[in-house]
Protein chains: 2
Amino acid sequence: MYNIAGRFPVLKVELMNINHGTRRQSVVGLILTRLFNGEYAPGARLRVEHLAEQCDVSVTPIREALVELAGFGVIKLQPNRGAEVSPFGPKQLWEICHLRRILESEAVRGCVGHFTPSELEQMEADFARLSTADRDEDWLEETKLLDNQLHSLISERCGNKRLSYEINRYAVLYRTLRDARHSMRTARSNYSEMDENLEHLAIVRGIIKQDREAAAEAMGDHVNQAGNALVQDLFGKQAIADADLDPYVAGQVTPTEAL
Amino acid sequence: MYNIAGRFPVLKVELMNINHGTRRQSVVGLILTRLFNGEYAPGARLRVEHLAEQCDVSVTPIREALVELAGFGVIKLQPNRGAEVSPFGPKQLWEICHLRRILESEAVRGCVGHFTPSELEQMEADFARLSTADRDEDWLEETKLLDNQLHSLISERCGNKRLSYEINRYAVLYRTLRDARHSMRTARSNYSEMDENLEHLAIVRGIIKQDREAAAEAMGDHVNQAGNALVQDLFGKQAIADADLDPYVAGQVTPTEAL
DNA sequence: TTAAAATTGATTATGTATAATATTGCGGGC
DNA sequence: GCCCGCAATATTATACATAATCAATTTTAA
């Protein structure tokens, strides 16, 4: 088979050569990306035939994708009226982060006591080392790797498979958001503001001390920091003010005020 | 048109005469009910054509329903391999309750400060009255009504539409579970063990005192009590032991031990 | 005359049916 | 063990039937 990229508009190429049995997932990813990139106006109608044409697939996977997207709460599926995209702005992004904070904080509470001492020693040593190490490409790579490892380990060991499932469900949204950030020109590319390793260290030390609340609070701080970066990259500096958040939720944004 | 009910087997009648545009929802409800009633062995395969025949609908709504059910985490959708039902037992039921506790506790934290004094006075008076009133049919009716009102009001006012959305998503599971309970012969029908109104009163008083943690804890207790009743009705007295829960999660079952 | 209600027709969603294609899983042969 | 073919099933594509929505228009009623 020849790679005939270039013969079709960009939109179609995005979904070409996808494996059989994964069309729905691809369409979900595509629409999520577009949504998070602000390509849809709030309330816009998603017409099935239109999407099918754009994605170069038949309507069947499109309709299934819409059901899944409705499950994510990013579109509303009204009977006999089709799909309407829900608003997505700083406020909605903060709400996603809030949910993630709720879920992952509880997961870290649950995972206390589910690690071996050597696992904990290893993690503490790694994050301590990375938090003071010189910051270069390799450092960034290892930071990302250990970030993923820590979060998935906490989710796996939290003792509640459903909680773990919901965390992974939100990870789909979160990963798409991170990817969307890269396509924004405002995305920060320097390492100066990254204190991930310190935040992770606090989480691990909470687990080591068997102090559920300390670990949960550290996780909350960490998720907030990540959310903060995300909001600023996607919507700019004053996005937090624009979000017009509820005082309690907004308070959580800057944990010192909230607690 | 004639009503020709009776000409078809029971299973088909269940879904007959459903409105256009709501087939998927009906199928979701039917499969959830079956699952919670223990009609599917863990790991059982759900074949699309088979379900289509049973539900007397075509395969399209069936497949869409499976996508939605996969979103609920009650089945697993493997590419090219179809749907496999996830295990459902006391442990999984507790996990659902755990999630509900997480979500609704956070909602009640968020809703503090979003009620008018008169609303709060009214709610406190209602729950105080019902908690000491004679228990008859009317009492049960009003108790249920105010239960629904309180929970949906808290969800609406929590200040986070996504959190509200997730709570309502879980309410689908929860309502189906409550309905499934009625079909079990072990379901409790007396009013003696119902302290809902007292639990609700504690929640409302927490909100009145603007004490987020007190209100959240009261909500946690309340959801635990409801979960306890559900587990016992669906799986019997020693179901909690059978559930083989993680100590932290199990601890939450009996809040006094957990905190 | 004007406002409400019913009607019409275009558009789109939803559901059905069927066929084409791809994948899986199994069993037989090597 | 491995490979090949085959049946079962999932997935996708396509065409069509039905039903609902929406807007424009006509009709009806006050």
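Residue numbers start from 1 in every chain, and the chains themselves are labelled A, B, ... in the order their sequence lines are given, proteins ahead of strands.
- Of the residues near DNA chain C, B:R81 and A:L46, the one whose nearest nucleotide (by heavy atom distance) lies more toward the 5' end is A:L46.
- The separation between B:N19 atom CG and C:dA13 atom P is 19 Å, rounded to whole Å.
- In this model, the phosphate group of D:dT12 is not approached by any side-chain N or O of A:S58 to a distance below 4.0 Å at OP1 or OP2.
- B:S155 and B:S164 form a side-chain donor-acceptor contact under 3.5 Å, judged by distance and modelled atom types alone.
- Position along DNA chain D of the nearest nucleotide to A:P61 versus A:P79 favours A:P61 as the more 5'-ward residue.
- Within residues 63-74 of chain B, no residue is approached by DNA chain C to less than 4.0 Å at the level of any non-hydrogen atom.
- Among the protein residues, B:V59 comes within range of no part of the nucleic acid, since none of its heavy atoms lies under 4.0 Å from any strand.
- Atom OH of residue B:Y40 and atom CG of residue B:L46 lie 5.5 Å apart, to the nearest 0.5 angstrom.
- Distance CG/A:L77 to CD/B:E68: 8.5 Å, rounded to 0.5 Å.
- In the set C:dA13, D:dT12, D:dC22, the nucleotide with an atom closest to the side chain of A:R45 is D:dC22.
- Put simply, CD on B:E53 is 14 Å from P on C:dT16, counting in whole angstrom units.
- Taking atom CZ on A:R24 and atom P on D:dT12, their separation rounds to 8 Å, with Å as the unit.
- B:E64 has a carboxylate O that lies under 4.0 Å from a charged side-chain N of A:R63, or vice versa, which qualifies the two as a salt bridge.
- Taking the six-membered ring where the residue is Trp, A:F235 and A:F88 present tilted rings, their angle falling between 30° and 60°.
- A:E106 and B:H98 are linked by a side-chain donor-acceptor pair at a separation below 3.5 angstrom, with hydrogens and angles left out of the test.
- Distance A:R23 CZ to D:dA10 C1': 13 Å, rounded to the nearest Å.
- Rounding to whole angstrom units, CD of residue B:E49 and P of C:dT18 are separated by 11 Å.
- One can place CG of A:N80 at 11 Å from P of D:dA19, the figure rounded to the nearest angstrom.
- D:dT9 atom C1' lies 14 Å from atom CG of B:L77, rounded to whole Å.
- Place A:H20 and B:T22 on DNA chain C by their nearest nucleotides, and B:T22 ends up nearer the 5' end.
- Here the straight-line distance linking atom OG of B:S58 with atom CD of B:E53 works out to 13.5 Å at 0.5 Å rounding.
- Rounded to whole angstrom, the span from the CD1 atom of A:I62 across to the P atom of C:dA13 amounts to 12 Å.
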